[in-house]
Amino acid sequence: MSKAPDTLLLISPPTELRFRGPFTDVVTSELHLKNPTKDKICFKIKTTAPRRYCVRPNSGVLGAEDDITVSVMLQPFDYDPQEKNKHKFMVQAMVAPQGEFDQEAVWKDKTPGSLMENKLRCVFEMPASVAAPTTTPAAQPQERTSAKLSPKPAHQTSAAKPASATSRDTDDVKRLQQEVASLQQQISKLEKEKEDGLRRRNVQSEGLRPSNQQPVITETKVDSTMPILYMVIALIVGLICGKFVF
């Protein structure tokens, strides 16, 4: 006589698996299975969250009146109260065929009426000492006050910076332009003085040279300050261009 599916296995605990946190390490809950019959019973354990649990063993065969303890190991995770009672387990059992058999083939060829199915829900318990603190009503006005006194957002402060930076750049450009104009005036003055000096020396040479003597070409030294002044002007002009570019 075949056994009724709901009497194939005795399961303890029968309805839920409890896991006590904190869940920073593996938490193990034990499931005890007992075969009360004289037949061999195949069992299999499934879960709705296979990546969260390690079940050893998750399937097997129990001999007549044998029992086994299954370790259900919850892997470490960040505890979320919203997940409470969402994970579930199902223990399936069926009478094993006589003689040698392949368990995979037995489960593949199973018929719904021959199965015993027992569902268990998972319960997460977080100790009060590590539970997340709740915000008290007294703390809420304090939070609003601190929010009022908090500094302005960073984007408001940074928004005023471009205007002041532009003002400083404009002043620097004007100052550099004035320095360039002053240097140009000095260069013009030096060139004029140089021409006047050359003219006076030529006149003096004409007065002292005998009438039958060829004009003497006077070699003049280039004022060493001229290249330096040109270099300074070029540097200042470069600074002005750099201000406009950046």
Side-chain angles (χ1 to χ4, degrees), residues 5-36 41-62 66-94 96 102-108 110 112 114-159 161:
D6 58 351
T7 62
L8 296 181
L9 280 182
L10 299 178
I11 302 173
S12 178
T15 59
E16 63 184 23
L17 289 171
R18 291 185 173 271
F19 299 91
R20 184 172 178 79
F23 304 102
T24 56
D25 203 351
V26 175
V27 181
T28 302
S29 182
E30 292 185 344
L31 186 64
H32 188 73
L33 307 180
K34 181 176 178 57
N35 175 11
I41 301 297
C42 296
F43 71 89
K44 180 179 285 189
I45 301 173
K46 298 180 178 180
T47 176
T48 58
R51 294 185 179 180
R52 287 287 183 88
Y53 299 90
C54 181
V55 182
R56 294 290 182 272
N58 62 358
S59 63
V61 179
L62 282 176
D66 280 349
D67 59 64
I68 190 172
T69 298
V70 177
S71 296
V72 182
M73 293 166 280
L74 174 62
Q75 303 304 302
F77 74 106
D78 294 330
Y79 175 69
D80 182 2
Q82 299 298 326
E83 290 192 48
K84 188 176 182 179
N85 302 333
K86 285 186 177 181
H87 297 177
K88 293 179 175 62
F89 276 83
M90 176 183 287
V91 180
Q92 294 181 321
M94 62 185 296
D102 183 1
Q103 289 191 53
E104 292 186 4
V106 169
W107 288 109
K108 184 177 180 181
K110 68 182 182 297
S114 64
L115 286 180
M116 168 189 170
E117 294 183 337
N118 191 78
K119 296 180 180 179
L120 299 91
R121 65 191 184 96
C122 297
V123 178
F124 302 148
E125 297 177 343
M126 180 65 74
S129 58
V130 296
T134 56
T135 305
T136 59
Q140 293 177 357
Q142 199 171 30
E143 292 177 358
R144 287 196 293 268
T145 303
S146 61
K148 291 179 181 179
L149 296 177
S150 61
K152 293 182 179 180
H155 66 85
Q156 294 183 3
T157 305
S158 60
K161 289 183 179 179

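Numbering starts at 1 and runs along the sequence shown. Basis for what follows: all heavy atoms, side chains included, without hydrogens, waters or symmetry-related copies.
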Criterion ring pair (Phe, Tyr, Trp, His ring centres under 6.0 Å) on F77 and F124, from CA distance to verdict: CA-CA 12 Å; F77 74 106; F124 302 148; 5.6 Å; yes
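- Rounding to the nearest 0.5 angstrom, the gap separating the CG atom in L62 from the SG atom in C42 is 9.0 Å.
- Here the closest non-hydrogen pair linking T48 and K86 is OG1-O, 4.0 Å.
- Judged by distance alone, the side chain of T47 and the main-chain N or O of K88 form a donor-acceptor pair under 3.5 Å.
- Shown here is D78, whose CG atom has no more than 12 heavy atoms of other residues, nucleotides or ligands within 6.0 Å.
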Compile the donor-acceptor pairs under 3.5 Å between side chains in residues 51-58 and protein atoms, sequence neighbours left out, one pair per line.
| from | atom 1 | to | atom 2 | distance (Å) |
| --- | --- | --- | --- | --- |
| R52 | NH1 | E83 | OE1 | 3.1 |
| R52 | NH2 | E83 | OE2 | 3.4 |
| Y53 | OH | H87 | ND1 | 2.9 |

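- V26 is listed as a side-chain neighbour of P76, based on a closest heavy-atom distance under 4.5 Å.
- When all heavy atoms are compared, the tightest approach of L17 to E30 is CD2-O, 4.1 Å.
- The closest donor-acceptor contact from the side chain of N118 to the backbone of P14 lies under 3.5 Å.
- When all heavy atoms of C122 and F19 are compared, the closest pair comes out as SG-CE1, 4.0 Å.
- None of T69, V70, I68 except one satisfies the side chain to side chain contact (heavy atoms under 4.5 Å, CB included) rule with H32; the exception is T69.
- By the neighbour-count criterion of 12 heavy atoms within 6.0 Å, atom CD of E104 is sparsely surrounded, having that number or fewer from other residues, nucleotides or ligands.
- Between L8 and M94, the shortest heavy-atom distance links the atoms CD1-CA, 3.7 Å.
- What you find for K110 and L115 is that their closest heavy atoms are CD-CD1, 3.5 Å.
- In this structure, the separation between CE on M90 and NZ on K44 is 12.0 Å, given to the nearest 0.5 Å.
- The pair K119-E117 does not count as a salt bridge, with every side-chain nitrogen at least 4.0 angstrom from each carboxylate oxygen.
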